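Note sheet for the following structure.
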Amino acid sequence: MNAIRVLSQPYKTIKGIRENPFRFYDFILSPILLLYSVALLAVFLNPSKEIFAMILLGTIGWRALHATQADLLTGYLDEHWAETKMMLFSSPITTTEFVAGSLLTGLIKFVFVFILMYAAIALSFGVLVPISLTVLYSLLLLLAYGLALGLLSVALAYLYGQSAFPFAFQFSTFFSLGSGAYYSITIFPQWLQDFLMLIPSTHAFNGLKSVFGIAQVNFLHATIITLLWIIVCWKIHGYAYQKARQQGKLASMGS
Amino acid sequence: MELAIDAQSVSKTFHSKKRATKALSSVSLAVKKGEVFGLLGPNGAGKTTLINCLLGITTLDSGSVRVLGFDPDKNGVQLREKTNIVSGFSGVLRGLTLEQMLYYYAMLYDVPNRGRRVDEVIKLLSLEEKRDSMVYLFSSGFRQRFFLAKALLNKPKVLFLDEPTVGLDVDVAIKVRSLIKKLKKQGYTILLTTHYMLEADELCDRIALINKGRIRAQGTPAQLKGLIRGENVIEVALSKPSGAKTARAHFKKISGVKSVSPTGNILRLLVKDYSQIKGVMKTVLAQKLKIDSISIVEPTLEEVFLKLTNDPSFGQKTVGETNA
């Protein structure tokens with residue numbers, strides 16, 4: 001793996017931010033809107049201090065999942081929308097380097113988003129979100145699961161182009177909601193709870209909730225399931241890339 | 001001579017739900033190092049698909065490809081490190097200035113001393129005034145110069161120019177062609193695709209005519225024109241029509257001149273071969289004939305192409321040396 005080629009992706013995104021409103025929205029406005037819409041509802045419902053903090057931490061977790069997933073997808077979409085895929089894929093960058101670069105972009109942006117949300121929570125609601133190893137590892141799992149979902153999103157984009165985008169962008173929202181970002185999954189019937197335990201984000205959000213004694217987490221299980229998802233999604237991504245090469249879609253413009 | 005590109009029996013069909021489109025059908029070509037090789041054909045002929053196959057962006061259904069000795073499937077990274085492309089159909093990323101954009105592509109190619117190389121290509125393409133301007137706001141001429149600058153960043157051994165003048169104003173297209181000539185002088189191996197016959201004639205050492213995914217003929221421009229040359233014609237334009245009768249009589253005496261037919265002040269000499277032009281000139285001087293011009297009437301590549309694509313009996317033609 002070539003480090004310079006990996007770094008080309010964060011370079012492209014960071015240098016382009018000032019002229020790209022979508023990118024600006026994605027890592028400043030969007031997380032703040034999410035935070036306040038959820039937090040203000042919670043304030044209205046007047047929950048306990050622990051529940052309130054758990055909800056706020058859930059919004060940060062959601063953004064962790066979103067950061068890596070969305071940046072993998074937008075790293076590809078920037079090239080697709082600009083009709084520069086031909087120039088990207090005719091360069092020596094490998095898919096591994098491209099994914100690693102996009103992942104790095106997502107991680108950099110998440111650090112910024114984390115600080116922004118942490119400060120906003122502290123200043124607006126007087127709550128200091130706990131930063132423990134449990135919290136950090138749970139966030140790391142969410143970022144890793146975001147990578148898996150990102151690989152899946154890009155695979156869809158390779159194969160279905162423009163028509164896959166609306167669906168691919170909703171992956172992180174779907175899985176965040178489904179795996180209990182702000183609530184305990186015990187509200188669901190047992191069969192659904194069992195099914196949700198196959199999704200890494202359920203374990204990671206349980207990790208965040210465990211800080212407040214609301215849920216329990218087995219990090220070994222969580223790690224194994226996350227790794228399995230990454231492996232499977234990586235395989236799907238590789239298959240989709242080869243299929244797109246075969247169908248001539250890597251070089252096609254805007255379709 | 002060593003080959004830069006060697007494609008053998010390359011076939012590619014794209015399948016959609018409704019139909020299968022045969023983009024390339026048993027295409028073979030060999031491009032020597034340091035040569036400008038033209039791939040000439042109308043839109044949809046398969047030119048871009050062939051480039052995509054050569055670069056490994058699209059897979060082959062059958063056949064084999066080597067670029068600088070590398071198989072695009074197995075050694076795609078090494079191959080792409082040593083090649084680059086200008087595509088007339090490409091867009092540009094939004095939000096980056098010229099300098100940033102070139103730096104980005106220099107990173108993709110892991111160009112050593114990136115900052116200095118970016119400065120060099122900016123200077124080479126006379127883009128200094130645009131250094132801090134957004135590339136997506138460039139006019140088509142500046143945009144094409146940016147593409148060329150980007151393509152030269154890694155000093156490629158093989159340069160793919162895919163319709164580099166498509167959609168450009170005439171003056172810009174002339175500038176781009178002049179740049180390509182400079183690159184040719186510097187020894188770049190270039191595969192140029194174009195549907196402009198005159199461009200191919202002007203720039204290429206050898207040309208392959210491609211249509212509907214098939215190479216119909218390949219050779220030097222002169223060899224290709226020779227494919228449809230049924231007769232060799234020299235035209236002499238006399239200053240006055242009144243001298244036609246005398247001039248005709250003199251020209252008929254030249255060895256190798258088969259016939260002379262007048263049309264107004266133009267005499268059309270059917271000759272054995274073009275070396276007879278020396279005799280024609282000698283006669284003009286000796287007889288003190290007053291003329292405006294003497295010219296060789298050659299078929300154009302356009303005529304060759306039309307003949308090849310419209311006449312099924314013509315088959316596939318290879319003229320001259322193809323596999324060095």
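Chain letters run A, B, ... following the sequence lines, proteins first, then strands; residues in each count from 1. Note that the structure is a prediction, hence the values are computed from the model and not measured.
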[X] versus chain A, the contacting section by heavy-atom distance below 4.5 Å:
| X | answer |
| --- | --- |
| B/Y109 | both |
| B/K82 | neither |
| B/L93 | both |
| B/T13 | neither |
| B/M134 | side chain |
| B/Y105 | side chain |
| B/I85 | side chain |

With a 4.0 Å cut-off, would you call [X] and [Y] a salt bridge?
| X | Y | result |
| --- | --- | --- |
| A/D78 | B/R94 | no |
| B/R117 | B/E120 | yes |
| B/D73 | A/R245 | yes |

Task: Residue A/S90 versus chain B: region with a heavy atom under 4.5 Å - done: both

With chain A, which of [options] has the greatest number of heavy-atom pairs at distances under 4.5 Å?
| options | result |
| --- | --- |
| B/L108, B/L55, B/V77 | B/L108 |
| B/Q78, B/R114, B/H15, B/M101 | B/R114 |
| B/I57, B/I51, B/D162, B/T58 | B/I57 |

Do [X] and [Y] make a side-chain contact, defined as non-hydrogen atoms from C-beta onward lying under 4.5 Å apart?
| X | Y | answer |
| --- | --- | --- |
| B/R131 | B/D119 | yes |
| A/T68 | A/F110 | no |
| A/I236 | A/V232 | yes |
| B/Y188 | B/P156 | yes |

Task: Heavy-atom neighbours of A/K235 NZ exceed 12 at 6.0 Å - done: no

Task: Contact winner vs chain B - A/A82, A/G248, A/A3, A/S91, heavy-atom pairs under 4.5 Å - done: A/S91

Task: Heavy-atom pairs under 4.5 Å with chain B, option from A/Q242, A/Q247, A/E97, A/E79 with the top count - done: A/E79

Task: Chi angles and distances behind the salt bridge (Lys or Arg N to Asp or Glu O under 4.0 Å) call for A/K15, B/E99 - done: CA-CA 11 Å; A/K15 290 287 181 185; B/E99 189 178 12; over 6 Å; no

